[in-house]
Participant: 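Sharing a structure with you now.
What you see is a predicted model, and the numbers here were worked out from it, not measured in a lab.
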Amino acid sequence: MNRGGPRVARPEDVVVGNVSKKKLKVLLRLGRYMVHAKWGYLAALALSILSNLLSLIGPKLSGYAIDAIGIEAGKVNFDTVFFYCTLMLIAYMVSSLTAYGLQLVMINLSRGIVRRMREDIFSKLMKMKVEYFDKNQTGDIISRISYDIDTINATLSNDLVQIAASLVTIIGSLIMMLSISPTLCLVFAVTVPLSILTSSKMANTFRPLFRARSGKLGELNGYAEECLSGQKTVRAYSAEETMVGRFALRNKTAADAYFKTDYYGTMVGPTVNFINNISLTLVSVFGSLLYLAGGISIGNVSSFVLYSRKFSGPINETANIINELQSAAAAAERVFRLLDEEEELPDDADAVELGVQVPVKGQVDAEHVDFGYSKDKQIIHDLSMNIKPGMTAAIVGPTGAGKTTIINLLMRFYDVDGGAVKMEGTDIRHAARASVRRSYTMVLQDTWLFSGTIADNIAYGSTRDVSREEIEKAARAAGIHSFIEGLPHGYDTILTDEGVNISKGQKQLLTIARAMISNAPVLILDEATSNVDSMTEMRIQAAMGELMEGRTSFVIAHRLSTVKTADVIFVLKDGRVIEHGSHDELMERKGFYYSLHSAQFA
């Protein structure tokens, strides 16, 4: 946000010629992806040169054929005419076949680059801080993986070939024109610089529009993803018209960005084409005058006109694809911005491997922990807990008190700002993240099941190969085995996206079975029964009782009936533990917990 001071130029904004350092950086990074397939690109370059050189032979042969025809009646040398026409046909046929081979090579090369780029992005996403996903829309992230990379692919597979072909054609045509008539070439000394300056100026002016277009599309995708994932809520509140209206507003903004980009972008091609048509007119006029003065043959005039069209054509085509290059540059910028996002800090060189160097029995401590998602807003204040192996600790409090934030700190999704969270006496900041997270298993309010078999979803909870017997044992313990067996394909039943073909209670029982497979010593239950009916809650409670046996457990719940049996209950308000103790002790004190309990069971 501009707060009134002068804008300080960043190093990447410094302009070198007509290209900013930021744009150069983007192009160089794309170049690094292309280096991996350098031999393929060298082959493509060779094919491009061969194809265009063959096509450049045509106008010269055409001039020879026209000279063989002559301008006098009855003096046509048909043998010479047919000879040059046959050579022209062969040259154009071979050129076309070579161009087709070039397209195949480029398609394969761009496919490999795009595949590598998508893999890099997905690998990066798996290493990034949880904070990034909390702050960015899923739809915008997906837009970068799909739309932005597809835009880059179009440039790599088509536009680069076009540019390479254009360079060869321009240089080759210029050489042929100079060999025919250096005098006529003076026409291009005026028109070519004018074309280059015009297209360059317009490209620099329109570049921000392409960047804005990609951003608006990402925002639209993000909003659409939110609406589609929350369809039941939208319909429950009869908010369809409201959501359609909001979507229409965002869609109009995106469409306007597209229109503005395309409207101004399409000005480049016609403008350059107009300048090229002027050059062609001048060539025709001055060529005719030279012929009348005897300075050039009619065949060479014809060849020169054809070469001038070949010379001007690529300039016009290059101006047209500047729009696509601008769009690809904006897309690449968004992709690389994601790849440059901060990852989770690497583990210390001497990081402790919990469960290997230090046996994990379930001892978890928090010592005067302070934390905030931003530096100017603290969420957790001076939190202290001492949880011994096998204990069940409940965390209760009103919405926004910081209950889920504590879980984020225990799992080391975020690092504390002050104090320490310890497992088995080891500060988890000095332990390997993976070993900390392997020490926990989670059953959350929002169940997550992936598209795959029920057996695969249950086995997902283990880092080792799990036998079918172990999967069925976990399902029996979770009370879901009979339901699975009743399905047509049993444990091999394919779940649709996020398991939408089974009920919420069944999803929750499947995640409990998954948690049982993991055998982690510490369990986290985060509002695990908040979205189900009373009968299903009883079944889930029974399954959770089995799951909690012998484990240290953290239970987050709004329903206080689910925490009565906990060894210790921590009552949070505004990020502070205002009281703690067993259910009976807290009820006797008649403090905040007593008020919460009375409000629920009045």
Side-chain angles (χ1 to χ4, degrees), residues 26-27 29-62 87-120 145-176 199 203 210 262 265-266 268-269 272-273 276 306-307 309-332 335:
V26 170
L27 293 174
R29 290 185 70 171
L30 274 177
R32 290 193 197 108
Y33 279 96
M34 296 167 66
V35 165
H36 292 290
K38 57 182 178 293
W39 298 115
Y41 276 102
L42 286 173
L45 180 62
L47 287 171
S48 177
I49 292 171
L50 177 61
S51 174
N52 285 279
L53 287 178
L54 287 169
S55 70
L56 286 170
I57 294 173
K60 193 71 173 177
L61 295 174
S62 172
L87 288 180
M88 281 175 59
L89 181 62
I90 294 171
Y92 283 134
M93 285 181 64
V94 176
S95 176
S96 297
L97 290 172
T98 309
Y100 176 70
L102 173 63
Q103 287 288 350
L104 293 180
V105 170
M106 289 304 300
I107 288 170
N108 278 297
L109 288 173
S110 64
R111 181 183 62 182
I113 290 172
V114 166
R115 184 183 70 242
R116 190 178 300 112
M117 194 174 287
R118 280 204 173 101
E119 288 171 355
D120 286 350
I145 297 175
S146 55
Y147 168 77
D148 287 335
I149 290 189
D150 284 340
T151 302
I152 295 169
N153 181 38
T155 293
L156 293 179
S157 60
N158 298 318
D159 297 340
L160 289 182
V161 176
Q162 191 100 11
I163 291 171
S166 296
L167 286 173
V168 174
T169 301
I170 289 170
I171 294 170
S173 297
L174 181 60
I175 292 170
M176 297 303 286
S199 60
F210 290 91
D262 292 341
T266 51
V268 179
V272 175
N273 193 36
N276 290 338
L306 290 174
Y307 279 123
R309 290 186 66 86
K310 280 187 170 293
F311 181 79
S312 302
I315 295 176
N316 188 42
E317 289 170 0
T318 302
N320 284 327
I321 65 173
I322 282 176
N323 293 343
E324 295 173 24
L325 290 174
Q326 296 270 44
S327 184
V335 168

Participant: So which heavy atom on Leu109 is nearest to which on Ala44, and how close?
Facilitator: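 Heavy atoms only, the tightest pair is CD1-CB, 4.5 Å.
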
Participant: Please report the closest heavy-atom contact between Val105 and Gly40, naming both atoms and the distance.
Facilitator: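 For Val105 and Gly40, the tightest heavy-atom pair comes out as CG1-O, 3.8 Å.
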
Participant: Between Ala331 and Thr151, what is the shortest heavy-atom contact and its length?
Facilitator: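 Ala331 and Thr151 have their closest heavy atoms at CB-CB, 4.0 Å.
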
Participant: Taking C-beta and beyond as the side chain, do Leu102 and Thr98 meet within less than 4.5 Å on heavy atoms?
Facilitator: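 They are not in contact (no side-chain heavy atoms under 4.5 Å apart), so the answer is no.
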
Participant: Yes or no on side chain to side chain contact (heavy atoms under 4.5 Å, CB included) for Ile171 and Ile175, after CA distance, side-chain angles and deciding distance?
Facilitator: CA-CA 6 Å; Ile171 294 170; Ile175 292 170; 4.0 Å; yes

Participant: Atom CG in Leu97, atom CG in Leu47: separation rounded to 0.5 Å?
Facilitator: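 Result: 11.5 Å between the selected atoms.
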
Participant: Going by side-chain contact (heavy atoms from CB on, under 4.5 Å), name the residues that satisfy it together with Arg118, two or more places apart in sequence or in a different chain.
Facilitator: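 Result, side-chain contact (heavy atoms from CB on, under 4.5 Å) vs Arg118: Val114, Ile145, Ile149, Asp150.
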
Participant: Output the distance between atom CG (Leu174) and atom CE (Met176), rounded to the nearest 0.5 Å.
Facilitator: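 One finds 11.5 Å between CG of Leu174 and CE of Met176.
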
Participant: Please tabulate, for the side chains in residues 50-60, all donor-acceptor contacts under 3.5 angstrom to protein atoms that are two or more places apart in sequence or on a different chain.
Facilitator:
{"unit_1": "Ser51", "atom_1": "OG", "unit_2": "Ser95", "atom_2": "O", "d": "3.0"}
{"unit_1": "Ser51", "atom_1": "OG", "unit_2": "Ser95", "atom_2": "OG", "d": "3.3"}
{"unit_1": "Asn52", "atom_1": "OD1", "unit_2": "Thr169", "atom_2": "OG1", "d": "2.7"}
{"unit_1": "Asn52", "atom_1": "ND2", "unit_2": "Ser48", "atom_2": "O", "d": "2.7"}
{"unit_1": "Ser55", "atom_1": "OG", "unit_2": "Asn52", "atom_2": "O", "d": "2.8"}

